[in-house]
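A note on names: the letters A, B, ... follow the listed sequences, proteins ahead of strands, and every chain is numbered from 1. These figures come from a predicted structure and were not determined experimentally.
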Amino acid sequence: MNYNFRKIEDKWQKYWAKNETFKAENQSEKPKFYALSMFPYPSGAGLHVGHPLGYIACDIYARYKRHKGYNVLHPMGYDSFGLPAEQYAIQTGQHPAITTDTNIKRYREQLDQLGFSFDWSREVRTSDPKYYKWTQWVFIQLFHSWYNNRTDKAESIDTLVSVFEKQGNVKVDATCDDDTPMFTAEEWKGYSSTKQQNILLKYRLTYLADAEVNWCPALGTVLANDEIVNGVSERGGHPVIRKKMTQWMMRITAYAQRLLDGLNTIDWPQPLKDSQTNWIGRSEGASATFDVLPNSNVEVLKKTEGEDISRTSMSHKIEVFTTRPDTIFGVSFMTLAPEHELVQKITTPEQRAEVEAYVEATAKRSERDRMADVKTISGVFTGAYAEHPFTKEPIPIWIGDYVLASYGTGAVMAVPCGDQRDYDFAKHFKIDIPNIFEGVDISKEAFADKVNTIVANSDFLNGLNYREATRKVIDELEKMGHGKGKINYRLRDAVFSRQRYWGEPFPVYYNAEGVPQIIDEEHLPLELPEVEKYLPTETGEPPLGNATHWAWNTNTYEVVANSLIDNKTIFPLEMNTMPGWAGSSQYFNRYMDPHNDKTIYSPEAINYWQDVDLYIGGSEHATGHLLYSRFWQKFLFDRGIAPKEEFAKKLINQGMITGTSAFVYKDLTSNKIYSKGLIDNKDVNPIHADVSLINSSDELDIEGFKKWRPDLAEAEFILEEGKYVVGREIEKMSKSKYNVVNPDQICEEYGADSLRLYEMFLGPLEQSKPWNTAGITGVHGFLKKLWKLYLNIGDSEPTPENLKTLHKTIKKVEEDIENFSFNTSVSTFMICVNELTAQKCTCKAILKPLAVLVSSYAPHIAEELWELMGHTESIANANFPEFDATHLVERTKEYPISFNGRMRFKMQLPADMGKADIEAAVMAHEQTTKYLEGRTPKKVIVVPGRIVNIVG
RNA sequence: GCCGAAGUGGCGGAAUUGGUAGACGCGCUGGAUUCAAAAUCCAGUGGUAGCAAUACCGUGUGGGUUCGAUUCCCACCUUCGGUACCA
């Protein structure tokens with residue numbers, strides 16, 4: 001009887017589906033374990049061999065935990081809102097829901113083929129109204145919340161309103177907009193409802209603000225940074241400008257410190273933690289204000305502001321943030337970002353033309369341009385001066401594009417002797433570089449080392465080190481009302497609006513005053529309307545502007561026709577939709593109770609499952625999904641909706657599986673295509689060839705290629721040794737590089753168990769590695785040998801050899817799974833089967849536990865063998881075999897050894913060790929005793945030729 | 001530039017806390033079986049020298065610590081990933 005994997009795999013996949021083998025219950029006597037793979041975006045291209053890598057690893061772990069007696073939750077779903085389906089809709093007119101549905105069907109077929117232990121009864125799709133109802137619901141909770149810095153958590157907006165009514169906002173310490181005005185309780189009560197609403201919006205955790213976006217006028221849409229290449233749109237190459245638009249924002253900055261602190265409590269990869277830490281970018285320092293000296297710009301001010309301004313109120317202040325307040329006496333100029341709002345106000349008439357030209361030139365340069373060009377130093381003097389808070393000296397104010405408007409305050413106090421960029425700027429424009437460091441030469445470069453700093457030439461700071469001087473300066477600044485200690489974060493609030501169709505609609509309408517109003521929870525979901533076309537409207541509104549029925553009737557709580565809008569009971573709805581990360585920011589919780597239509601999930605469900613125990617996915621989500629999800633989770637925790645502040649205890653990043661692209665080389669001048677060995681110095685153009693046209697020795701199927709690329713059918717192929725050899729290169733696996741390998745064809749040829757084993761065998765899970773099918777015959781051969789081993793199974797007693805092999809394997813496999821070293825355990829299985837085959841082992845006592853060991857990796861064959869051994873229950877619920885160390889040490893003996901007349905100790909040696917081996921071990925030990933500084937060990941454990949451990 | 005990961009045979013990769021470097025698989029070589037092939041099985045396979053036993057050299061490079069280093073320390077080189085002037 002041969003190993004018929006097609007029949008076996010088909011049989012067990014049907015069995016698992018029919019018996020709902022992997023359905024998880026929300027209660028159990030067993031301990032819980034939640035294993036989760038990041039859900040995929042169902043793209044039109046289907047799964048390629050890179051996708052399942054993480055799923056297989058997670059599945060192995062989930063199955064292992066089930067064998068270990070856990071109640072395992074292992075769900076799967078789809079992140080089904082997204083751009084590709086929308087773009088397909090724009091091109092073809094097909095509704096994205098249809099495209100998405102088709103793709104999901106294909107994904108499901110492919111996933112089912114691989115034998116995952118998913119509980120499909122819990123599937124979620126982010127684009128399903130029943131699901132996005134709860135995404136909208138979380139948005140509403142955020143809207144109804146503010147961040148109280150005193151309690152350091154999010155609270156209901158009602159508590160804020162009651163404080164306002166009692167004492168105004170003077171004593172409120174909240175994370176809110178910078179321009180929030182101060183008011184008393186009386187003033188608050190006197191405000192109109194609209195004004196109150198607008199003030200509250202400055203406190204809410206989701207709020208409206210004008211944010212700068214990349215606007216492409218030609219496409220009539222906003223583009224992500226990724227979609228812009230060399231300053232023009234990736235699609236079509238149209239110019240892109242920066243434009244302010246009113247957008248929904250998420251006040252993630254309120255959580256900056258807690259997002260940082262939380263990293264210490266979770267077992268996530270260090271590189272990922274590092275990138276979140278850098279992204280949040282905490283820096284400690286001080287803010288300081290510099291007064292702008294009054295001078296000839298009085299005229300300018302009068303003109304620009306159109307008012308008669310007295311000399312006192314006319315003076316402007318520049319606020320800066322610095323991490324080096326100790327160097328404040330080294331300031332010799334200030335630099336503002338060209339976009340800084342003060343630039344227009346303080347520039348003197350003489351400098352005006354030059355400054356305006358520079359500002360304009362900067363605005364034209366794309367952000368990428370500006371960043372790529374680090375070497376060029378540019379800037380312009382504004383003509384204005386600021387007053388040094390301590391020395392009262394005038395300091396020239398410059399503008400320069402090395403200062404970014406979006407970081408800190410958009411202004412820096414330049415200390416050329418202590419910062420290289422300031423130094424370069426000063427050198428370039430021949431500005432003073434005063435030295436304020438003791439015993440440091442700054443003639444060549446700035447001195448940025450704060451550990452070794454002793455301050456000099458700095459009045460009351462002389463002789464102090466960095467720490468002392470910093471504290472003293474902050475004290476003095478605070479006394480003078482010129483600044484204070486401050487912690488600055490690089491993290492910015494997240495833009496939450498997208499001008500797209502295929503996303504969650506906001507549960508928001510706008511009243512007659514244009515103030516956003518929330519649709520009550522009980523009227524959710526607010527479903528996406530039908531539109532005729534998926535592009536922005538002619539007036540530049542988002543695609544939802546095309547909907548004819550997109551207005552809210554506040555009496556009937558229904559979406560009605562836009563034409564009925566009457567500003568009394570029927571209002572326009574928000575036309576933006578939510579971004580891709582909205583739906584993925586709490587899906588892991590929804591799996592716990594996915595069909596609940598009364599609440600986001602029942603308290604019982606979330607109190608049972610708590611959080612994700614193991615989360616596997618790609619590292620590309622480090623500062624996107626994984627940061628936003630932590631933010632939402634912390635918010636849900638604050639508001640008592642989730643019991644845990646971090647949603648995933650442990651996270652593993654699986655590496656990327658890269659493809660091996662193939663190239664043919666076409667001569668630039670003729671219609672000849674040269675084999676790889678013949679290109680030498682010729683001017684050739686490498687052209688991708690589909691990898692399915694290449695055999696294992698890099699030879700091209702020329703006829704196949706000609707059929708595939710009819711435009712090159714006439715080309716002449718120049719061969720070497722009768723063959724056309726392609727060039728190879730490792731690239732990301734992608735449709736456009738024609739290097740995609742689908743799992744389907746491999747399943748067809750070798751079976752899912754082979755594919756699962758092979759993907760694990762390929763290398764360490766977290767490492768990226770090229771796909772190469774050459775070795776798959778090895779693991780396939782292993783499965784065949786495994787199969788054979790069970791053909792003559794009997795009830796004989798196991799030999800000591802048999803037991804040793806088995807327990808060695810149990811130990812190694814258990815360790816490997818716990819350490820996520822799945823690659824080495826595949827090797828362990830192979831060794832085990834080879835040994836048992838050589839031992840002619842046929843006894844059930846060995847082969848039963850072996851089947852359980854293998855079943856996490858190759859579940860189909862394990863089920864079949866399990867049944868063959870007479871079991872009627874699925875192997876999925878069998879217990880993981882107990883490791884018994886006595887089977888391994890059985891053959892070692894302890895020998896008392898003495899030498900040098902006085903050293904006495906025991907050596908634990910294998911029983912079959914030869915005399916020469918023992919002598920070698922004693923010699924080795926003799927050398928080792930030096931290391932022990934003359935102490936006599938109690939016991940030395942030796943394997944032939946090698947000292948394993950010294951005890952005592 | 002900064003942050004992170006990593007450099008081991010022809011290839012993918014093993015190697016517990018420092019303890020026989022190259023497990024396991026692929027590939028390759030030879031053999032068995034076969035009319036032949038596939039499949040299967042057996043043996044060999046880091047390099048150099050040698051008929052051989054064996055010797056020497058070998059984990060990116062150069063130093064160091066150690067009885068002993070792929071592993072620890074210092075400096076450098078290379079590759080990949082992330083990030084972008086962060087005041």
Could you check whether any side-chain N or O of [X] sits under 3.5 Å from a backbone N or O of [Y], counting only pairs where one atom can act as donor and the other as acceptor?
X        : Y        : answer
A:Arg756 : A:Tyr857 : yes
A:Asp419 : A:Val415 : no
A:Asp267 : A:Leu651 : no
A:Arg6   : A:Glu748 : yes
A:Tyr628 : A:Ile252 : no
A:Asp326 : A:Tyr466 : no
A:Thr289 : A:Glu319 : no
A:Tyr423 : A:Ile442 : yes

Gap in Å between the two [atom1] atoms, one belonging to [N] and one to [M], rounded:
N      : M      : atom1 : value
B:rC72 : B:rA23 : P     : 22 Å
B:rG12 : B:rC2  : P     : 30 Å
B:rU34 : B:rC41 : C1'   : 13 Å

Practice task
For RNA chain B, find the residues of residues 321-333 of chain A with a heavy-atom distance under 4.0 Å and give them by number; none if there aren't any.
Solution key: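 A:Phe321, A:Thr322, A:Thr323, in order of number.
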Problem - Residue-level proximity of residues 779-788 of chain A to RNA chain B when a heavy atom falls under 4.0 Å - result: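 Residues of residues 779-788 of chain A under 4.0 Å from RNA chain B: A:Lys784, A:Lys785.
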Problem - Protein proximity profile, nucleotides 6-14 of chain B - base contact B, sugar-phosphate-only contact S, no contact -, cut-off 4.0 Å on heavy atoms - result: ------BSS
Completion exercise
Once base and sugar-phosphate atoms are separated, protein heavy atoms under 4.0 Å mark nucleotides 26-32 of chain B, 5' to 3', with B, S and - as S------
Problem - Candidate pair A:Phe829 and A:Leu853, rule side chain to side chain contact (heavy atoms under 4.5 Å, CB included), full reasoning - result: CA-CA 9 Å; A:Phe829 286 136; A:Leu853 286 186; 3.9 Å; yes
Problem - Closest nucleotide among B:rA84, B:rC86, B:rC24 to the A:Trp279 side chain - result: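 The listed nucleotide nearest to A:Trp279's side chain is B:rA84.
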Exercise for the section: Could you check which of B:rC85, B:rA87, B:rG25 has an atom nearest any side-chain atom of A:Met830? Expected result: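 Between B:rC85, B:rA87, B:rG25, the one nearest the side chain of A:Met830 would be B:rG25.
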More than 12 heavy atoms from other groups under 6.0 Å of [atom1] on [X]:
X        : atom1 : answer
A:Arg282 : CZ    : yes
A:Gln420 : CD    : yes
A:Lys427 : NZ    : yes

Fill in the blank from the handout: Per-residue pairing states of RNA chain B in dot-bracket (Watson-Crick or G-U under 3.5 Å; . unpaired, | other strand) read (((((((..(((......[....)))((((((.......))))))((((....))))..(((((..]....))))))))))))....
Practice task
Give me the ring orientation class for A:Phe290 and A:His388: parallel if the planes are under 30° apart, tilted from 30 to 60°, perpendicular past 60°.
Solution key: perpendicular
Exercise for the section: Evaluate the side chain to side chain contact (heavy atoms under 4.5 Å, CB included) criterion for residues A:Phe333 and A:Phe425: first the C-alpha distance (whole Å), next the side-chain angles of each, then the deciding distance (0.1 Å), finally the verdict. Expected result: CA-CA 10 Å; A:Phe333 62 101; A:Phe425 195 88; 3.3 Å; yes
Exercise for the section: Could you pick out which residue, A:Lys811 or A:Gly410, lies toward the 5' side of RNA chain B when each is mapped onto its nearest nucleotide? Expected result: A:Lys811
Practice task
With RNA chain B as reference, determine whether A:Tyr407 or A:Ile831 sits nearer its 5' end, using the nearest nucleotide of each.
Solution key: A:Ile831
Exercise for the section: Tell me whether the OP1 or OP2 atom of B:rC86 has a side-chain N or O from A:Arg421 closer than 4.0 Å. Expected result: yes
Practice task
Determine which pairs satisfy side chain to side chain donor-acceptor pair (under 3.5 Å) with at least one residue from residues 757-782 of chain A, sequence neighbours left out, and list them in order.
Solution key: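 Pairs touching residues 757-782 of chain A that pass the test: A:Ser754-A:His780.
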Practice task
Could you tell me whether B:rG12 is syn or anti, where syn means a glycosidic angle within 90 degrees of zero?
Solution key: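 It is anti.
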Exercise for the section: Could you check whether A:Asp419 gets within reach of a base, just the sugar-phosphate, or nothing at all, counting any heavy atom under 4.0 Å? Expected result: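 Since no nucleic acid heavy atom lies under 4.0 Å of A:Asp419, the category is nothing.
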